[in-house]
Chemist: 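Once you've had a glance at the structure underneath, I'll fire off some questions.
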Amino acid sequence: MSSKDEILANIRQHIRQTYDLPGIRPRGICYPDKIAQFIEVSRSVGGEAILLQEGEDINQRIRTLYPEARTIASNLPGISVQTLNPDEVETPAQLNGTDLGIVRGEIGVAENGCVWIPQNVKEKALYFIPEYLLILLDKTKIVNNMHEAYAQLQTCAYDFGVFLSGPSKTADIEQALVVGAHGAKGLRVILV
Amino acid sequence: MSSQHAKAARRFLDNNEQAQWHNRTLWMVREKRDRLAMQLPEWEELRNLASQIKMHSLSHLDYYLSRFAARAEANGALVHWAKDADEHNAIVLNILNEHKVKKLVKSKSMLTEECHLNPFLEARGIEVVESDLGERILQLMQAAPSHIVMPAIHLKRQEVGKLFEEKLHTEKDNSDPGYLTHAARLHLRNEFLTADAAMTGANFGVAETGEVVVCTNEGNADMGTSFPPLHIVSMGIEKVIPDHQALSVYTRLLARSATGQPATTYTSHYRKPRPGSGMHIVLVDNGRSRTLGNEEHLQTLKCIRCGACMNTCPVYRRSGGYAYTYFIPGPIGINLGMLRSPDRYSGNVAACSLCYSCNLVCPVRIDLADQIYRWRQQLDSLGKADRVKKIVSAGMNYLFMRPSVYNQGLRLAPSVNHLPRFMIYNPLNAWGIGREFPVFAKESFTRMWEKGKVKKPQNKDAYEQ
């Protein structure tokens, strides 16, 4: 008998009583202004969400926000400030030293500032290794809560995906909050 | 008649300032959790759902586990099954050897801690690097975590500063948390980039999609899995949940309960291996299937490892993780330890005042305190009851069954007020250690009642005055 069969047999042998799935579909909190709530909670988790003004040039805005960024990695169409196409690296390690990564998010979540990013670059390292990360998100794609967000993932195929909320952080030394543990030291979302 | 826990707690309390800090800091985390929970009108409904979904998943675990494994394999992962810790470690070693791995970078390591994987691999020549900052600190110190979410919560910054000075060559006497974290960032980035394989635990396995979900704030699991050509997931069989709808419930509860954040920074969904890489999932039983048949303690399997029960526990906060003999401390650790081995870990069941605070904060509504109470009832049959407590209990039983003796005793009680201190506060009286006795009243309530000294209130309002 393989370990698999043995474990499964053990499970069947030990289950005493079965329980049904709860019938209720969780709805969750709703906000009168999802965009305002998203912006507020992004700040509370150490990030920042800003609205791109009508007619404002996005590349210009990025330049103003990151005047010191030298290596800027992005594969997004319309982003001209990029200096590195992340789809052209041979190994993910070549993304080390990237000052700024610019990526696109697919869903924003108002209750917790999460942005859903299904992998759409060659190496997922791009989401984690740059010193700073900038996410572009369609402001009409902000949902109220995680129930709504996961309901949308049903129809979305991905190999790897991440909900990102704020910059990388740790409080492992004396509970003192430090931003920039391993991933991005700063995280911004531009709502377009 | 001090328990093992009480003796270890005394050592923790010797450093009074540090003990006070520990207590206050964890309570602060509890308060943050409360603030976040109260922002959601549906919080209690979520806890109910979370509990019910877990009970459903556990009572259909054979189905969901098979489904999860089949989907994961269809996604391109290789699934292994481990009956116990030894088999888990052997499987992992085998995979690492096949890939000629010399250096392994790890994150979310509680299950591998349970299996004692690190020393097993190190003894076989594999370098193991923990990548969570707290865990890395402890690994460099050759010490164990004292909390499941905040592993180094018992340490002061100066201790970390000194350690880093020696191991990472940081500036002398610089113990600024920002500086030290940055030093660790540089050090671990190099490890991420040079590791031959990554290993992670799992917060959830989704049966419907075969994906593994890992939640961190640091991004260490993500960095670890982004570079080497091999990712091994080590996952307890109880982590499997049905689908995304279930996952939406748990991702809302986990970080709010754990650290008072609305979500972890990274909630990563590993569905397929990175192109050109291998992904292995090791499903570990190690006693879990047996617990399914233990109706009194089955609910421990619902645990999502948030640590809220530790943060709120008045005993944990004032005694620290090292006061417990099992590697997971606090209310959940007391119960998991007993399930592992009552013989080795029964000392921990004393570490509970039955205040039930843990039951109230647990996001999946585990009956933690009830379980501890039940373990205590079994201590005698396990041969682990304290001898002195048994004698005292027998005495109390005799007394409470005989009202006349009891009342006579009460009449004599006030004389205790006049006894010399050494007769009350001595090693024979555990209740006199670390606290002052209350003063006995001159007369008992029963006597006062008999003498008509107790006046009935004139009206209902008198109760409220």
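Letters A, B, ... mirror the listed sequences (proteins, then strands); counts begin at 1. The shown structure was predicted, so the numbers you read here are calculated from the model rather than taken from an experiment.
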Chemist: For Pro167(A), which atoms come within 4.5 Å of any heavy atom of chain B: side chain, backbone, both, or neither?
Modeler: backbone
Chemist: Under 3.5 Å, is there a donor-acceptor pair between the Lys124(A) and Ser268(B) side chains?
Modeler: no
Chemist: In terms of heavy-atom proximity below 4.5 Å to chain A, should Ala69(B) be classed as side chain, backbone, both, or neither?
Modeler: neither
Chemist: The test is salt bridge (charged side-chain N to carboxylate O under 4.0 Å, His left out); show your working for Arg185(B) and Glu131(A) and say whether it passes.
Modeler: CA-CA 11 Å; Arg185(B) 174 186 172 98; Glu131(A) 297 291 293; 3.1 Å; yes
Chemist: Looking at Val149(B), Asn48(B), Asp285(B), which makes the most heavy-atom pairs under 4.5 Å with chain A?
Modeler: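 Winner by heavy-atom pair count: Asp285(B).
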Chemist: Give, as side chain, backbone, both or neither, the part of Leu36(B) having an atom under 4.5 angstrom from any heavy atom of chain A.
Modeler: neither
Chemist: Might you point out which heavy atoms bring Met146(A) and Thr251(B) nearest each other, and give the distance in Å?
Modeler: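 It is CE-OG1, 3.8 Å.
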Chemist: With a 6.0 Å cut-off on the ring centroids, do His182(A) and Tyr266(B) count as close?
Modeler: no
Chemist: How long is the gap from CZ on Phe128(A) to CG on Asn220(B), to the nearest 0.5 Å?
Modeler: 11.0 Å
Chemist: Just verifying a value: how many Å separate Lys169(A) NZ and Thr259(B) OG1, rounded to the nearest 0.5 Å?
Modeler: 9.0 Å
Chemist: Is there a donor-acceptor pair under 3.5 Å between the side chain of Glu174(A) and the backbone N or O of Pro177(B)?
Modeler: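 Not at all, since once roles are kept as given, no pair shorter than 3.5 Å links the two residues.
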Chemist: Heavy-atom count check: over 12 atoms from other residues, nucleotides or ligands less than 6.0 Å from Lys185(A) NZ?
Modeler: yes
Chemist: So which of Lys156(B), His147(B), Arg274(B), Arg252(B) has the largest heavy-atom pair count under 4.5 angstrom toward chain A?
Modeler: Arg252(B)
Chemist: Atom CD1 of Ile173(A) and atom CD1 of Ile153(B): how far apart are they, to the nearest 0.5 Å?
Modeler: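 Result: 11.5 Å between the selected atoms.
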Chemist: Give the member of Val45(A), Val41(A), Leu164(A), Ile129(A) that has the highest number of heavy-atom pairs under 4.5 Å with chain B.
Modeler: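 Top option by heavy-atom pairs under 4.5 Å: Ile129(A).
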Chemist: Under a 4.5 Å cutoff for heavy-atom pairs, which residue among Ala171(A), Ala176(A), Ala93(A), Gly166(A) has the most contacts with chain B?
Modeler: Ala93(A)
Chemist: For Val29(B), is it the side chain, the backbone, both, or neither that has a heavy atom closer than 4.5 Å to a heavy atom of chain A?
Modeler: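 Just its side chain gets close to chain A.
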Chemist: Quick one: what part of Gln261(B) sits under 4.5 Å from any heavy atom of chain A, side chain, backbone, both or neither?
Modeler: side chain
Chemist: Could you walk me through whether Gln245(B) and His147(A) pass the side-chain contact (heavy atoms from CB on, under 4.5 Å) test, one step at a time?
Modeler: CA-CA 7 Å; Gln245(B) 196 182 317; His147(A) 307 307; 5.8 Å; no
Chemist: Determine the option with the most heavy-atom pairs under 4.5 angstrom with chain A, choosing from Leu180(B), Leu247(B), Leu61(B).
Modeler: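 With the most close heavy-atom pairs to chain A, the winner is Leu247(B).
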Chemist: Can you confirm whether Phe227(B) sits close enough to Thr91(A) that some side-chain heavy atom of one is under 4.5 Å from a side-chain heavy atom of the other?
Modeler: no
Chemist: Evaluate the side-chain hydrogen bond (donor to acceptor under 3.5 Å, both in side chains) criterion for residues Asn96(A) and Arg189(B): first the C-alpha distance (whole Å), next the side-chain angles of each, then the deciding distance (0.1 Å), finally the verdict.
Modeler: CA-CA 9 Å; Asn96(A) 193 22; Arg189(B) 178 154 296 198; 3.2 Å; yes
Chemist: Any luck finding a side-chain donor-acceptor pair between Ser289(B) and His14(A) under 3.5 Å?
Modeler: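 The criterion, which ignores hydrogens and geometry beyond distance, is not satisfied for His14(A) and Ser289(B).
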Chemist: Looking only at heavy atoms, which two atoms of Ser165(A) and Thr264(B) are closest? And how far apart?
Modeler: CB-O, 3.9 Å
Chemist: With a 4.5 Å heavy-atom cut-off, do Met55(B) and Gln17(A) have their side chains touching?
Modeler: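 Sidechains of Gln17(A) and Met55(B): no contact.
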Chemist: Sort Leu186(B) into side chain, backbone, both or neither according to what part of it lies under 4.5 angstrom from a heavy atom of chain A.
Modeler: neither
Chemist: Yes or no on side-chain contact (heavy atoms from CB on, under 4.5 Å) for Asp159(A) and Tyr270(B), after CA distance, side-chain angles and deciding distance?
Modeler: CA-CA 7 Å; Asp159(A) 296 349; Tyr270(B) 295 90; over 6 Å; no
Chemist: Looking at side-chain heavy atoms only, is the closest gap between Arg12(A) and Tyr63(B) below 4.5 Å?
Modeler: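 When only atoms from C-beta onward are counted, Tyr63(B) and Arg12(A) do not touch, as no gap falls below 4.5 Å.
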Chemist: What's the separation between atom CG in Leu126(A) and atom OG in Ser226(B), rounded to the nearest 0.5 Å?
Modeler: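 If we round to the nearest 0.5 Å, Leu126(A):CG and Ser226(B):OG are 9.5 Å apart.
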Chemist: Do Ile11(A) and Leu292(B) come within less than 4.5 Å of each other through their side chains, counting heavy atoms only?
Modeler: yes
Chemist: If we define contacts as heavy-atom pairs under 4.5 Å, which of Ala263(B), Gly219(B), Ser248(B), Pro151(B) has the most with chain A?
Modeler: Ser248(B)
Chemist: Which of the residues Glu211(B), Glu45(B), His22(B) is involved in the greatest number of heavy-atom pairs with chain A at under 4.5 angstrom?
Modeler: Glu211(B)
Chemist: If you take all heavy atoms of Asp222(B) and Phe160(A), which pair is closest and at what distance?
Modeler: OD1-CZ, 3.8 Å
Chemist: Would one find more than 12 heavy atoms of other residues, nucleotides or ligands at under 6.0 Å from atom CZ of Arg70(A)?
Modeler: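 Not more than 12 within 6.0 Å, no.
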Chemist: So do the side chains of Leu21(A) and Ile53(B) get within less than 4.5 Å of each other, counting heavy atoms only?
Modeler: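 Yes, close enough: below the 4.5 Å cut-off.
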Chemist: Using side-chain hydrogen bond (donor to acceptor under 3.5 Å, both in side chains), reason through Ser66(B) and Lys4(A) one step at a time and then give a plain yes or no.
Modeler: CA-CA 9 Å; Ser66(B) 306; Lys4(A) 174 183 179 176; 5.9 Å; no
Chemist: Distance from Asp62(B) atom CG to Asn10(A) atom CG, nearest 0.5 Å?
Modeler: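 If I round to the nearest 0.5 Å, the distance is 11.5 Å.
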Chemist: Examine distances only and state if a side-chain atom of His56(B) and a backbone atom of Tyr19(A) form a donor-acceptor pair shorter than 3.5 Å.
Modeler: yes
Chemist: If you tally heavy-atom pairs under 4.5 Å against chain A, which of Glu135(B), His154(B), Met150(B) wins?
Modeler: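 If we count pairs closer than 4.5 Å to chain A, Met150(B) comes out on top.
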Chemist: Does Leu153(A) reach the side chain of Thr209(B), with side-chain heavy atoms less than 4.5 Å apart?
Modeler: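 No; the side chains remain at least 4.5 Å from each other.
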Chemist: Measure Glu111(A) against the heavy atoms of chain B and call it side chain, backbone, both or neither at under 4.5 Å.
Modeler: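 Both backbone and side chain of Glu111(A) come within 4.5 Å of chain B.
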Chemist: Any side-chain heavy atom of Ile7(A) sitting closer than 4.5 Å to one from Leu283(B)?
Modeler: no
Chemist: Nearest heavy-atom pair of Pro26(A) and Val249(B): which atoms, and what distance?
Modeler: CG-CG2, 4.0 Å
Chemist: Flag the pair His269(B) / Val162(A) as yes when at least one side-chain heavy-atom distance between them is below 4.5 Å, and no otherwise.
Modeler: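 No, too far: nothing below the 4.5 Å cut-off.
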Chemist: How long is the straight-line distance from NE2 of His88(B) back to OG of Ser3(A), given to the nearest 0.5 Å?
Modeler: 13.0 Å
Chemist: Quick check for you: among Ser44(A), Cys114(A), Ala184(A), Gly180(A), which has the greatest number of heavy-atom pairs under 4.5 Å with chain B?
Modeler: Gly180(A)
Chemist: Of the backbone (N, CA, C, O) and the side chain (C-beta and beyond), which part of Arg256(B) lies under 4.5 Å from a heavy atom of chain A, both, or neither?
Modeler: side chain
Chemist: Answer yes or no: is there a donor N or O on one side and an acceptor on the other, between the side chain of Ser168(A) and the main chain of Glu218(B), under 3.5 Å?
Modeler: yes
